[in-house]
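Read the structure below first, then the notes.
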2 protein chains.
Amino acid sequence: MKIDPNHLCILAAIIDAGGLSEGAVAVSKSQPSVSRTIAMLEARLGARLFEKGRRPLRPTELCLSLAEQGRIIAQASETASLSAAHYSRGKSGTARIAGTPIFMDGVIANMIASFQGAFPKVTINQTYGYMAELTEQLTAGNIDLGICPVSAASVPAGFAFKPLLRGRNVIACAPSHPLARKSAFKLADIASYPWIAPPAGSPLYSDLRGALGSIGITDFRVSFTGGSLASILSVMAGSESLTVLPYSVVFMQSHSKTVTALPVKLKHPERELGFLWREDRPVRPAVQRFRKYLESEFQVLANHIEQKGRAAVWRA
Amino acid sequence: MKIDPNHLCILAAIIDAGGLSEGAVAVSKSQPSVSRTIAMLEARLGARLFEKGRRPLRPTELCLSLAEQGRIIAQASETASLSAAHYSRGKSGTARIAGTPIFMDGVIANMIASFQGAFPKVTINQTYGYMAELTEQLTAGNIDLGICPVSAASVPAGFAFKPLLRGRNVIACAPSHPLARKSAFKLADIASYPWIAPPAGSPLYSDLRGALGSIGITDFRVSFTGGSLASILSVMAGSESLTVLPYSVVFMQSHSKTVTALPVKLKHPERELGFLWREDRPVRPAVQRFRKYLESEFQVLANHIEQKGRAAVWRA
DNA sequence: AGTCAATATACCCTAATGTTATGAAAATTG
DNA sequence: CAATTTTCATAACATTAGGGTATATTGACT
């Protein structure tokens with residue numbers, strides 16, 4: 001015979017509360033309702049659950065063993081409620097994000113770290129990809145959110161885009177670089193250093209030529225290409241190489257003193273870094289939470305960048 | 001928000017069974033019923049439990065974590081059902097019995113042992129007492145069943161009595177006793193040995209005089225009195241003492257070769273050993289089970305006693 | 001594209017559960 | 001020990017969650 005788990009919970013509540021009336025309050029039901037529920041349970045079980053004619057209701061041994069299970073059930077039910085609440089407030093769950101490697105490594109990774117500090121039960125699933133892969137993965141439902149530089153005009157149909165940071169590229173080098181230590185230098189000097197090119201196919205790669213062209217440099221030597229941010233920084237630290245990086249990336253690395261920006265005004269790309277997602281997909285709470293978190297982080301970051309950048313890089 | 005434990009069970013069933021329809025079968029409900037239950041749950045949670053528009057129904061992560069609890073609940077519910085079934089079949093629970101010490105130790109204890117072998121989850125709560133205490137304890141609800149010699153006529157109002165064994169007392173002694181080794185002896189010889197008297201107040205004590213009187217012995221020396229069965233047997237084994245015991249007790253001890261009965265025909269008491277209980281009290285299944293068990297054991301015992309007794313004791 | 005199998009909806013109905021008012025009985029207290 | 005209080009049970013009634021059958025809908029597969 002199957003016993004309704006609810007009834008077992010009520011049983012446990014009565015016993016733990018020390019009385020039918022108190023138990024009724026504990027499960028927020030009326031006293032008669034609980035009384036009748038017990039009576040029906042007894043009838044179905046064909047056994048008494050409380051000794052007859054005792055006013056401080058005394059449970060039988062059967063009742064006690066059933067209440068044991070009732071407690072377990074109440075506990076599980078409570079846990080379920082909590083995890084549902086957690087989930088729908090975005091405090092647990094999974095957010096699957098993907099983005100361009102340089103940004104993910106140079107900017108987002110830091111934010112993920114602090115996000116995880118605040119919401120440790122949210123699992124972040126991070127992968128890499130450029131625009132084409134991102135739209136593909138979003139459509140396939142493999143990721144929830146893309147993060148990449150997009151020119152607002154080129155957002156594909158069916159996708160939503162929320163800009164976070166305007167694109168500002170800078171010429172980056174190691175802090176120990178000869179040019180970084182000069183207060184002033186000629187643009188022509190720049191061209192003589194070896195260049196690190198971002199991974200082929202990345203938006204940065206095309207930015208590189210455009211940016212240098214904008215300051216009259218068309219001829220330069222590429223000494224290293226295709227690496228991740230980590231390898232770019234390593235190469236840069238051990239050489240006199242230059243490269244073009246988003247200022248946000250340089251800024252985020254500034255505390256580690258591995259990279260700095262030269263005070264050269266480049267032509268900035270039309271693109272803005274932002275979120276990309278399919279607008280026809282429901283947004284899971286954890287994703288929503290993560291998005292909001294990054295948005296506020298980026299707002300702070302954007303201010304800092306604007307101030308520091310104006311002072312140190314495009315002061316010209 | 002409180003989640004109905006039943007719904008969590010259903011969730012678990014669906015996932016474990018690998019489909020809504022199979023899950024419905026698993027919880028023995030119709031498919032539409034389960035479908036609607038899920039839909040309502042989703043509405044209340046404000047979150048999807050299964051991904052929309054996927055035919056082999058795919059659970060969301062929230063669903064999985066809820067199902068986890070559902071499994072716990074199903075398990076607890078199952079356990080509760082089982083323990084209820086066990087209980088109402090008398091396979092678990094408690095039986096509180098009390099009886100006269102000599103019978104409890106000499107006869108019932110053995111039966112309890114075998115009963116416990118058959119029903120290990122039934123707790124037997126054994127205490128001692130004579131008629132007066134038994135009726136008192138029964139009325140107070142401290143015990144479920146009394147076991148003692150009662151003359152059918154003297155059953156108090158409100159009590160029920162079920163006879164198990166007619167009273168047959170014998171003269172008992174150690175197997176090594178001089179009289180036990182003789183094939184024949186005069187009754188007068190008996191009187192010369194020291195006597196062990198049963199505990200004062202016990203029915204046996206009054207039986208002692210009556211029985212010996214019936215064979216013409218009125219003058220005898222009491223060397224030991226008041227002990228339990230164990231002490232009586234010990235004293236008897238180490239001396240040439242005689243005593244009067246129920247033949248059932250002597251019979252049950254026969255395998256241990258610590259006591260034997262002299263072939264003397266005594267006047268048997270009017271009383272019969274039997275169960276005593278209050279007929280206005282509901283009988284718990286475990287008590288019922290125990291009672292039935294003892295009844296059948298006693299039936300067998302009664303036959304054995306009748307045969308063996310006729311052959312060895314009251315053959316005269 | 002058509003078929004099949006799985007899930008969702010519509011509809012009706014029963015039974016469980018809730019509420020308030022009230023009765024009964026055990027426990028407590030003067 | 002009678003009066004009172006506390007606690008539980010019952011009655012009567014309203015509501016609705018939840019069950020079933022029949023049927024529509026929709027992914028998935030050939």
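So that the names make sense, note that chain A is the first sequence line, chain B the second, and so on, each numbered from 1. If you're wondering where the values come from, they're calculated on a predicted model, not measured in any experiment.
- Between B:Ile38 atom CD1 and C:dA6 atom P there is a gap of 17 Å when expressed in whole angstrom units.
- Using a 3.5 Å distance cut-off with no hydrogens or angles, the side chains of B:Ser33 and B:Ser30 do not pair a donor with an acceptor.
- Between B:His7 and D:dA17, a side-chain N or O to OP1/OP2 separation shorter than 4.0 Å is absent.
- A straight line from CD1 of A:Ile10 to P of C:dT17 spans 7 Å, rounded to a whole angstrom.
- Rounding to whole angstrom units, CD1 of residue B:Ile14 and P of C:dA6 are separated by 14 Å.
- Contact of the A:Pro203 side chain with the A:Tyr130 side chain is registered, since non-hydrogen atoms from C-beta on lie closer than 4.5 Å.
- Aromatic rings of A:Phe115 and A:Phe290 (six-membered ring for Trp) have centroids within the 6.0 Å cut-off, being under it.
- The residue A:Ser35 sits close to a base: some heavy atom pair falls under 4.0 Å.
- Using a distance-only test at 3.5 Å, with no hydrogens or angles considered, a donor-acceptor pair links the side chain of B:Thr139 to the main chain of B:Thr135.
- Formation of a donor-acceptor pair under 3.5 Å by the B:Ser81 side chain with backbone atoms of B:Ser77 is found in this model.
- The distance between atom CD of B:Glu51 and atom C1' of D:dA28, rounded to the nearest whole Å, is 16 Å.
- Rounded to an integer number of Å, the gap from A:Leu20 CG to D:dA9 C1' is 9 Å.
- Atom CZ of B:Arg71 is separated from atom CG of B:Leu66 by 11.0 Å, given to the nearest 0.5 angstrom.
- If one axis is set at each end of the helix from C:dA1-D:dT30 to C:dG30-D:dC1 from five pairs, those axes are 40° apart, to 10°.
- Side chains of B:Tyr293 and B:Ser114: a donor-acceptor N/O pair is present below 3.5 angstrom, by distance only.
- For the pair B:Asp144 (side chain) and B:Ala95 (backbone), a donor-acceptor distance under 3.5 Å is absent.
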Hey, what are the protein-to-nucleotides 23-30 of chain C N/O distances that come in under 3.5 Å?
| from | atom 1 | to | atom 2 | distance (Å) |
| --- | --- | --- | --- | --- |
| C:dA25 | N3 | A:Arg55 | NH1 | 3.3 |

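- If you check every strand for non-hydrogen atoms under 4.0 Å, B:Asp4 touches sugar and phosphate atoms only.
- With a 4.5 Å cut-off on side-chain heavy atoms, A:Lys29 and A:Ile10 count as touching.
- When the side-chain nitrogen and oxygen atoms of A:Ser21 are compared with OP1 and OP2 of D:dC8, one or more of them lie within a distance under 4.0 Å.
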Measure all distances between protein nitrogen or oxygen atoms and nitrogen or oxygen atoms of nucleotides 19-21 of chain C, and list the pairs falling under 3.5 Å.
| from | atom 1 | to | atom 2 | distance (Å) |
| --- | --- | --- | --- | --- |
| C:dT19 | OP2 | A:Ser30 | N | 3.0 |
| C:dT19 | OP2 | A:Ser30 | OG | 2.9 |

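- The shortest distance between side-chain heavy atoms of B:Leu204 and B:Ile102 falls below 4.5 Å.
- Distance B:Met40 CE to C:dA8 C1': 14 Å, rounded to the nearest Å.
- Atom C1' of nucleotide D:dT26 and atom NZ of B:Lys52 are separated by 12 Å, given to the nearest angstrom.
- Counting only distance, with no hydrogens or angles, the side chain of B:Thr60 and the backbone of B:Arg48 share a donor-acceptor pair below 3.5 Å.
- Between B:Lys2 atom NZ and C:dG18 atom P there is a gap of 11 Å when expressed in whole angstrom units.
- Using a 4.0 Å cut-off between a side-chain N of Lys or Arg and a carboxylate O of Asp or Glu, B:Arg284 and A:Glu61 qualify as a salt bridge.
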